[in-house]
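Working notes, structure below.
Here the structure is a predicted model, which is why all the values come from computation and not from measurement. Just so we're on the same page: letters track the sequence lines, and every chain starts at 1.
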Protein chains: 2
Amino acid sequence: MLTLSTVNVNGLRAAAKKGFVEWLAGTGADVICMQETRAEADQLTAEVREPEGWHTALAPSSAKGRAGVAIYSRAEPESVRVGFGSAEFDDSGRYLEIDLPGVTIASLYLPSGEVGTPRQDEKERFMKEFGEHLAGLRERAASADREVVICGDWNIAHREADLKNWKANQKSAGFLPEERAWLTDVFESGYTDVVRTLHPEGPGPYSWWSYRGKAFDNDSGWRIDYQVATPGLAGRATEAVVERAPSYDQRWSDHAPVTVTYDF
Amino acid sequence: MLTLSTVNVNGLRAAAKKGFVEWLAGTGADVICMQETRAEADQLTAEVREPEGWHTALAPSSAKGRAGVAIYSRAEPESVRVGFGSAEFDDSGRYLEIDLPGVTIASLYLPSGEVGTPRQDEKERFMKEFGEHLAGLRERAASADREVVICGDWNIAHREADLKNWKANQKSAGFLPEERAWLTDVFESGYTDVVRTLHPEGPGPYSWWSYRGKAFDNDSGWRIDYQVATPGLAGRATEAVVERAPSYDQRWSDHAPVTVTYDF
DNA sequence: CTTCTGAGG
DNA sequence: CCTCTGAAG
């Protein structure tokens, strides 16, 4: 049994003050993949940096206060790798891998993009380079008889069922045809969208609701946080839940943890 | 009877959310001089921008979010003047005058300064230019048979009794020998420190306590907010109080209102 | 420690 | 609307 959670914490320091610590203490997960930690190690309190019972790997961005990913695991990783061999992105706090026995687990924070700005070009460059990494990772894992799962905020809703208001968002970053097509390619190249497989019916389950307006109260969300696994692991997923906060005031991030249990 | 309050609000928008509005509704003052409003008119809610029963004059800084002074008066001013004829400082949100019948009332926010930086030079330039304005103001007022009072955050503690920890602060901006000497010159050139006249015994009353550490709880404060008046007005002051908040959590600024009643 | 800003989301 | 930053206080 292996339970994996992935969550964009939207600032680990802020999240820690609003309920993340209690959530971590109560979770049954074995591994937590985090995105947007937005902190360096020495900016975190000990209870967040080195919680009792966890091994923690951090990959902060070289730009202070931006991005940052982390993986917390109850077991000590066999190895830890920051980045995916990209000159542009390896110090940007967007990718971290650990190996546990028989499985490679990654925390991914894909750029959010913004149509009509250089940040959309950056997202496209990231997708291209990262797509190549995904192919290599799959090949290497197959020859080593390992499974792979990439957990994270992919910042793309794949299909119409993956966001509340798809019609209005066809020109929005995160639901552009080229972004959706890229994700389709990923899902047709030996990687499975685990939550969608266990929950074939939409709409949702959403994992992100904007802080603006009444998006959370209206459940006007997007499903942009995924666990993307090789078939041998994906086929063993038994349960997937999005841990939506019970109310607006009890949220500690604009994203909710996406938690999957694997019979592995 | 004329009651004047002066207070550095440390951000009028923040203060409004923390109790300024209630304080304004309950005050018996006829005129409120404010400093560090840190907002332009259209960034303020109507209840702050145009409270019922008040005439409001604002002099924001041209640098967004910085400085800014204001004068709220129950009576409509005969005239309103921004700045004191300084090319460098007139758009910096540091000085505003209004005329009421027989009296000119100013709101002053003197630069705080920082030893060893250009900001201390700026403070010195301001003191020099403003000293000249004070002389001219006094002359013009005398010939027009008007009184003058400059209310505000002068960012200088005059004497040892004017701050808790004078020994440790002899090299700190706000208690430098040259700053204190300049203020002595002001007080010996036809202007009176009204609160000190009514309260000749120190220490205090302090009007500012740093937000850092436990300065407020320990009453480790500075008296840097003054009402500085021509003798004809100063001699009619009957009561002066510093409206220190009852507890740390009930403060809406790091400064307290300094309120003086004049038999005028 | 707090209030602003502006970038980023 | 929220979380960072950095300047200013």
ask   = Excluding sequence neighbours, so at least two apart, what forms side chain to side chain donor-acceptor pair (under 3.5 Å) with E122(A)?
value = none
task = Residues of residues 58-67 of chain A with any non-hydrogen atom less than 4.0 angstrom from an atom of DNA chain D: list those, numerically ordered, please.
result = K64(A), G65(A)
request  = For A70(A), enumerate each residue passing the side-chain contact (heavy atoms from CB on, under 4.5 Å) test, keeping only those at least two apart in sequence or located in another chain.
outcome  = M34(A), T37(A), L58(A), Y72(A)
ask   = Can a donor-acceptor pair be found between the side chains of E178(B) and Q120(B) at a distance below 3.5 Å?
value = no
task = In whole angstrom, give the distance that lies between atom CG of N10(A) and atom P of dA7(C).
result = 18 Å
Value in whole Å for how far the C1' atom of dA8(D) lies from OH of Y109(B) = 8 Å
task = Could I get the full list of side-chain contact (heavy atoms from CB on, under 4.5 Å) partners for K17(A), not counting sequence neighbours?
result = none
Return a table of donor-acceptor pairs under 3.5 angstrom between the side chains of residues 169-177 of chain B and protein atoms on other chains or two or more places apart.
unit_1: N169(B); atom_1: OD1; unit_2: S172(B); atom_2: OG; d: 2.8
unit_1: N169(B); atom_1: ND2; unit_2: N165(B); atom_2: O; d: 2.9

key: With W222(B) via side chain to side chain donor-acceptor pair (under 3.5 Å) - residues at least two apart   = none
message = Distance check needed: dT2(C) P versus R13(B) CZ, whole Å only.
response = 18 Å
task = Could you please name the option among dC1(D), dT3(C), dC4(D) that lies closest to any side-chain atom of R38(A)?
result = dC4(D)
task = Rounded to the nearest angstrom, tell me the gap between atom CG in D153(B) and atom P in dT3(C).
result = 17 Å
request  = For DNA chain D, determine which residues of residues 206-219 of chain A have any heavy atom closer than 4.0 angstrom to one of its atoms, and list them numerically.
outcome  = Y211(A), R212(A)
query = Which whole-number value in Å describes the distance from H255(B) NE2 to dA8(D) C1'?
reply = 12 Å
ask   = Using a cut-off of 4.0 Å on non-hydrogen atoms, how would the nucleic acid contact of K17(A) be classed: base, sugar-phosphate, or nothing?
value = nothing
task = Provide, to the nearest angstrom, the distance between the CG atom belonging to N8(B) and the P atom belonging to dT2(C).
result = 16 Å
task = Report which part of the nucleic acid Q43(A) touches: base, sugar-phosphate, or nothing (heavy-atom distance under 4.0 Å, all strands).
result = sugar-phosphate
note = Applying side chain to side chain donor-acceptor pair (under 3.5 Å) to Q227(A) and not counting sequence neighbours gives Y262(A)
request  = Measure from CD on E40(B) to C1' on dC4(C) and round the result to the nearest Å.
outcome  = 12 Å
query = Within 45° of the six-membered ring axis of F216(A) and under 6.0 Å from that ring's centre, is NZ or CZ of R244(A) located there?
reply = yes
inquiry  = Checking R180(B) now: which residues fulfil side chain to side chain donor-acceptor pair (under 3.5 Å) with it, not counting sequence neighbours?
reply    = none
inquiry  = Mind checking if E36(B) touches a base, just sugar-phosphate, or nothing, with heavy atoms under 4.0 Å?
reply    = sugar-phosphate
task = For E122(B) and dA8(D), give me the distance from atom CD to atom P, rounded to whole Å.
result = 9 Å
